[in-house]
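Reviewing the structure listed below.
Each ligand, and each atom within it, is numbered from 1 in the order the structure gives.
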Amino acid sequence: MPGPGAYWFGKEEMDAVMRVMQSGHLFRYGSEDDPNFLHTVATLEKEFANYCGAKFGLATSSGTSSLIASLVGLGLKQGDEIIVPAYTFVASYTSCIFLGLNPVLAEIDESLTLDPGDIEHRITARTRAIMPVHMLGNSCDMDSVMAIAKKHNLLVLEDCCQAAGASYKGKKVGTMGDIGAYSLNVFKTISSGDGGLVVTNDANVYEIAFGMHDQGHKPSRLGVEVGSRNVLGLNFRMNELTAAVALAQLGKIDTIILALREKRNRLKKLIGEPKGFKFRKLNDPSGDCATLCTIVFDTREEALKVSKALGSKTLDQSGWHVYANMEHVMAHLKKIGQPHTKGAYPKTDDILSRAMNISIGVVDAGLGAGWGININSSDEEIEKAAEEFIKACR
Ligand SMILES: *Cc1c(COP(=O)(O)O)cnc(C)c1O
């Protein structure tokens, strides 16, 4: 039950993998003079940065690696506070915690992304950054987030892991803040099984993030030691096989999003005028990936009734995307003196308890999207899903 890109793994990905195998070079680094070396990782980095309209791209081993490289790239240090929404995947928190940063949670609004009205009163003398998370394929209200960041001199890391291909007012997500982190795991818009990407326009941030991902090395593209290293790093590198799959998927991303939007629009039209619920507020409807169609019911009772009838669940009961369901993260927040019990973010609790996800392209029970359609669903299957939904609402 993966994301739309994985549904469309095909000949393009297989051929690309075979070309890398035949080249004999699986490591991201190789000699510039070797005609057999394909530079697949470096090509992916360049092409993804171009696709996003960013100056620099960095390929990594996962979305989590991308977040860690980004946080280090921004120069965040132990004890710094970073504002993160109370509804996101567990890695948004754990990447901060492993670096000794203190995540400060904030409410979401009816877009299911960071509520700009709940940020400013959480800013303290130690706050250094905001992490807006573009949840469920649609952007945060980036105008408001960026205005707050500017006013308080805060850095912005966009967690774009669920939103490859999404944009806000014509700009790709990840390019409005200081740095953006993407995931290529199997549940995302496009996939290489696992993998990640980072984009930024800041040469200095890029150089440090690169060093973090490769033992402190400078981005020489050759893997030879140049100059001295002033950052400590680990190994978050992508290999050539992964990049071959990711590049083939990148070639499909716009077609994937167009197909999803068409199916989502068809389903919405068939469901008709909402009664007793609203569709999720989209901060930029024209930039939506349409990986999911989120319904926010007027009442908890209605949400429970409909989701149960469909064999799905409300979002508060979905897996590790809800702060209160992450007992290990809550235990850590307790240790650092942050709110850490269910009920600490009442607006988020209320919205999630009344919301359910219909899968359009991302079929993931862990995201509360175990019911719906997928990118290969026929018109008849979409009609059937709409009928079932309407029936469940009665
Ligand atoms: C998937 C995801 C991540 C982590 O990505 P991995 O590739 O699984 O490490 C981080 N943040 C969000 C919001 C995600 O959905």
Tell me, which protein residue and heavy-atom name are nearest [atom], and how many Å apart are they?
atom                    : value
atom 8 (O) of ligand 1  : Asn185 ND2, 2.9 Å
atom 11 (N) of ligand 1 : Asp159 OD2, 2.8 Å
atom 10 (C) of ligand 1 : Cys161 SG, 3.4 Å

Subset of ligand 1 atoms that lie under 4.0 Å from at least one heavy atom of [X]:
X      : answer
Ser183 : 5 (O), 6 (P), 7 (O)
Val133 : 13 (C)
Thr88  : 13 (C)
Thr64  : 4 (C), 5 (O), 6 (P), 9 (O)
Ser92  : 11 (N)
Ser62  : 7 (O), 9 (O)

Can a salt bridge be assigned to the pair [X] and [Y] using a cut-off of 4.0 Å between side-chain N and carboxylate O?
X      : Y      : result
Glu262 : Arg266 : yes
Asp15  : Arg19  : no
Arg261 : Asp288 : no

Hey, can you tell me if [X] and [Y] have their rings parallel, tilted or perpendicular (30° and 60° cut-offs)?
X      : Y      : value
Phe277 : Phe389 : perpendicular
Phe48  : Tyr182 : perpendicular
Tyr206 : Phe56  : parallel

What do you reckon, does Gly63 have a nitrogen or oxygen under 3.5 Å from a nitrogen or oxygen of ligand 1?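 Between Gly63 and ligand 1 (N or O atoms, distance only) the closest approach is under 3.5 Å.
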Is there a polar contact, in the sense of an N or O pair closer than 3.5 Å, between His321 and ligand 1?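 The answer is no, given that His321 and ligand 1 share no N or O pair closer than 3.5 Å.
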Is the Tyr87-Tyr323 ring centre distance short of 6.0 angstrom?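 Tyr87 vs Tyr323: aromatic centres not under 6.0 Å.
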Is it the case that Lys172 places NZ or CZ above or below the six-membered ring of Tyr51, under 6.0 angstrom from the centre and within 45 degrees of the axis?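 The answer is yes; both the distance and angle limits are met.
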Nearest heavy atom to atom 2 (C) of ligand 1: which of Met135, His134, Gln162, Lys188 does it belong to?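 Nearest option to atom 2 (C) of ligand 1, by heavy atoms: Lys188.
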Kindly determine whether Gln162 and Lys188 satisfy side-chain contact (heavy atoms from CB on, under 4.5 Å), including the steps that lead there. CA-CA 6 Å; Gln162 293 190 13; Lys188 315 301 187 181; 4.1 Å; yes
Sub-4.0 Å heavy-atom contact, Gly196 with ligand 1: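 Flag not set, Gly196 not near ligand 1.
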